[in-house]
Amino acid sequence: MPTHKLSHTFPLPSEIEKVPGADVTAGMYPYFTQFRPEDDGCFWFYNKMHFPEPMPAFDAITAEGAYAGLGVMVTRMFAVPTSKGFEHRIVNGRIYIAANSVTDPDEIGRRVKEFEDRAFFYFGNWERLYGEWHQRIMGLIRGMEAIEVPELGEFDKASVVKEGRGFSEGQLLVQAYDQAIENYFMMWQYHSEFLILGYGAYLTFFEFCKKAFPEIEDRTIANMVAGVDSLMFRPDDELKRLAARAITLGIDSEFKEGADVAQILSRLAQAGNAGRDWLDEFEKTRDPWFNTSMGDGFYHHHRRWNDDLRMPFSALVNYIAQLKSGKTLERPTAQLKVQRNRIIAEYRALLDTDSDRTVFDQMLGLAHQVFPYVEDHKFYCEHWLTGVFFNKIREFGELLRKNDLLDDVEDVFHLNRSEVREALSDLRLAWSIGGNVAGKNHWRPIIAARKKALKELANWMAPNALGPVPASITDPMVIMLWGVTSDTINSWLSQADNPNELKGFGASPGVVEGAARVIHTVDEISRLKDGDILVCAVTAPSWAPIFGKIGAAVSDIGGTMSHAAIVAREYGLPAVVGTGDGTKRIKDGQRIRVDGSSGRVTILA
């Protein structure tokens with residue numbers, strides 16, 4: 001990659017020092033995720049969009065799975081002409097990535113031929129193939145749920161002997177763990193199968209528009225595919241429906257801010273037929289729609305609504321209050337579609353020839369057909385299956401706890417996936433011979449040190465980027481999804497001319513002033529008050545229940561087609577994404593102005 005040096009540069013990966021008190025991270029993550037000497041020659045940026053927190057040891061599997069799944073689809077399956085996915089490295093618990101771009105014209109030419117044959121087969125058979133995909137991902141989810149973790153009691157069950165199968169329950173222990181791991185990696189293959197084609201169809205249309213209309217803004221092109229009906233919005237829609245149902249049944253007074261969820265459910269069970277009717281609908285809604293994660297599905301502590309009902313019930317209280325005050329809870333989908341059709345008609349009319357209009361229609365039609373998958377897959381993959389996966393790992397953690405290898409079930413996530421397998425192998429051997437586990441005193445100090453290290457790493461001010469400054473950013477995925485452009489890099493490198501102003505991408509129009517609420521983790525969402533402006537590393541689709549409470553949103557990272565930008569547009573929420581360091585420069589409680597049209601955020605006081 002051609003590079004040049006500016007007056008300011010980013011630190012090289014080799015120059016990053018370990019955080020004091022967190023020097024135990026060397027063994028936390030796989031060796032192949034560590035920076036190598038040759039990496040000093042590449043440009044890396046911090047993937048704060050997916051990994052805004054330092055990674056616990058086990059959770060590093062989410063990055064490995066994601067980049068392996070994306071990479072193999074881009075590089076081997078569909079042969080995307082200009083990309084071979086992303087390299088990723090972990091330093092001080094943070095995930096940095098570098099685009100593995102293809103620049104050789106001959107190689108691009110070879111890949112174009114392969115890509116067109118494969119991609120157009122999918123585009124031509126989209127509905128059938130997507131239907132088959134849905135069956136496969138549901139099979140994978142049910143398969144993950146069905147994995148049995150052996151109990152390892154004093155004796156094998158008599159039925160094991162009488163089946164005459166010739167092996168014990170203990171033999172299935174590590175096998176079951178391996179199956180869970182491999183099913184999880186398989187999910188990432190399914191995740192990326194249609195995703196890259198969805199983005200590819202939009203990117204083709206995007207590039208056509210940029211050539212045909214040189215002055216067009218990125219957000220204007222994005223608005224031509226707005227008004228989508230995505231499954232990621234369904235959990236929030238179901239909460240709104242349950243809120244309305246509570247009012248209709250006359251039991252809305254049972255939902256009180258800050259009340260214990262168990263107490264609410266208990267009172268509803270005693271509230272006669274109305275309470276029982278609501279509870280019946282609630283239970284039917286939970287599977288599947290409460291399988292959504294409180295975060296974005298990359299950390300074990302981002303639990304599903306089904307695992308922790310506090311967030312959805314807090315949203316129910318808020319929605320009930322809004323409905324009783326006469327406010328509508330409907331997303332402005334119809335309005336977005338009217339705006340979308342107007343923009344499409346205006347720009348289509350600017351094309352000079354029937355041929356250009358035909359191409360425009362075909363590309364836009366394909367983008368409309370395939371684009372909903374760009375959001376839909378998240379519900380099945382990052383949220384539902386990943387939640388099931390982490391809970392399955394908890395079952396293995398409970399077995400390790402019961403057999404004196406861990407103090408707490410959650411401690412299993414402070415071992416990496418190879419170490420968990422090693423601990424299970426230790427248990428299998430000890431159980432088989434009626435002996436004691438060797439790791440009784442081995443893992444505890446390691447886990448304690450890593451817990452302490454994560455607290456120290458949480459305070460590390462991770463650089464936005466590492467390595468030599470690129471002459472330009474040309475990878476469209478980096479620009480559209482992460483919002484990393486040459487302008488972004490320049491803003492990272494230099495002090496802003498106006499320290500009270502931040503510039504990003506205008507994701508959703510509107511001007512709002514209010515108090516900034518800087519949120520660093522999912523656990524802090526409860527601090528948001530009515531009218532606050534959310535300032536965070538990145539929003540997640542599952543945060544939709546808070547969008548009716550906040551006035552606007554500002555994120556550190558994200559481009560015009562990032563999940564954060566898509567969700568903001570669909571909810572009509574003024575938003576600026578890709579500010580780079582909003583969470584660092586904006587202080588909690590400061591009054592700020594968000595201009596979602598210009599992409600500017602101004603610190604007022």
Side-chain angles (χ1 to χ4, degrees), residues 74 78-83 108-109 111-130 194-230 332-376 473-481 483 485 505-509 559-563 565-566 568-570 572 597 599:
V74 168
F78 290 103
V80 173
T82 58
S83 177
I108 291 175
R111 296 177 70 84
V112 164
K113 294 178 181 178
E114 294 290 344
F115 176 75
E116 288 179 345
D117 177 56
R118 300 169 189 218
F120 286 121
F121 171 78
Y122 263 67
F123 291 145
N125 297 277
W126 188 268
E127 297 302 328
R128 174 179 66 82
L129 293 172
Y130 183 58
F194 282 80
L195 179 65
I196 63 166
L197 296 177
Y199 278 127
Y202 176 78
L203 176 59
T204 302
F205 176 68
F206 178 89
E207 292 177 339
F208 174 88
C209 289
K210 282 294 187 179
K211 291 178 181 178
F213 319 112
E215 302 301 320
I216 194 171
E217 294 183 352
D218 293 2
R219 189 183 69 247
T220 302
I221 303 174
N223 284 335
M224 294 190 204
V225 295
V228 298
D229 185 17
S230 170
T333 304
Q335 179 182 340
L336 287 171
K337 289 181 177 178
V338 170
Q339 179 191 52
R340 177 186 75 186
N341 294 337
R342 176 182 57 77
I343 294 172
I344 291 171
E346 288 175 356
Y347 279 93
R348 189 180 186 278
L350 296 176
L351 295 169
D352 294 328
T353 67
D354 289 340
S355 176
D356 283 345
R357 284 187 283 272
T358 298
V359 172
F360 177 88
D361 293 342
Q362 290 174 342
M363 289 183 175
L364 180 58
L366 180 61
H368 282 168
Q369 178 187 17
V370 306
F371 194 74
Y373 177 82
V374 171
E375 288 298 307
D376 285 1
I473 297 291
T474 58
D475 190 303
M477 296 289 279
V478 173
I479 296 170
M480 284 197 306
L481 298 188
T485 66
F505 292 90
S508 184
T560 54
M561 294 310 293
S562 64
H563 296 296
I566 292 171
R569 281 194 295 274
E570 296 301 322
S597 299

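No experiment lies behind these values; they were computed from the predicted model shown.
Looking at Tyr202, its side chain never comes within 3.5 Å of a backbone N or O of Val370 through a donor-acceptor pair. At distances below 3.5 Å, at least one donor-acceptor pair connects side-chain atoms of Glu570 with backbone N or O atoms of Gly227.
Contact record, Ser230 with Asp376: OG-OD1, 3.0 Å, taken as the closest heavy-atom pair. Listed here is the closest heavy atom pair of Leu336 and Arg569: CD1-O, 3.2 Å. In terms of heavy-atom proximity, Leu195 sits nearest to Tyr373 at N-CE2, 3.0 Å. The heavy-atom pair separating Phe115 from Pro81 by the smallest distance is CG-CD, 3.7 Å. Closest approach of Ala568 and Ser508 over heavy atoms only: O-OG, 3.5 Å. The two residues Asp356 and Phe208 have their closest heavy-atom pair at O-CZ, 3.7 Å.
Contacts of Thr82 classified as side-chain hydrogen bond (donor to acceptor under 3.5 Å, both in side chains), with partners at least two apart in sequence or in another chain: none.
For residues 195-215, every residue pair satisfying the salt bridge (Lys or Arg N to Asp or Glu O under 4.0 Å) rule, not counting sequence neighbours, is listed here: Lys210-Asp218.
Of the candidates Glu217, Gln339, Arg342, Gln339 is the only one forming a side chain to side chain contact (heavy atoms under 4.5 Å, CB included) with Asn223. For the side chain to side chain contact (heavy atoms under 4.5 Å, CB included) with Val80, the qualifying choice from Ile108, Val112, Ile196 is Ile196, the only one to do so.
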Let me check something: any side-chain donor-acceptor pairs from residues 357-365 under 3.5 Å, sequence neighbours excluded? List them with distances.
from   : atom 1 : to     : atom 2 : distance (Å)
Arg357 : NH1    : Leu351 : O      : 2.6
Arg357 : NH2    : Asp354 : OD1    : 2.7
Thr358 : OG1    : Asp354 : O      : 2.9
Asp361 : OD1    : Arg348 : NE     : 2.8
Asp361 : OD2    : Arg348 : NE     : 3.3
Asp361 : OD2    : Arg348 : NH2    : 2.8

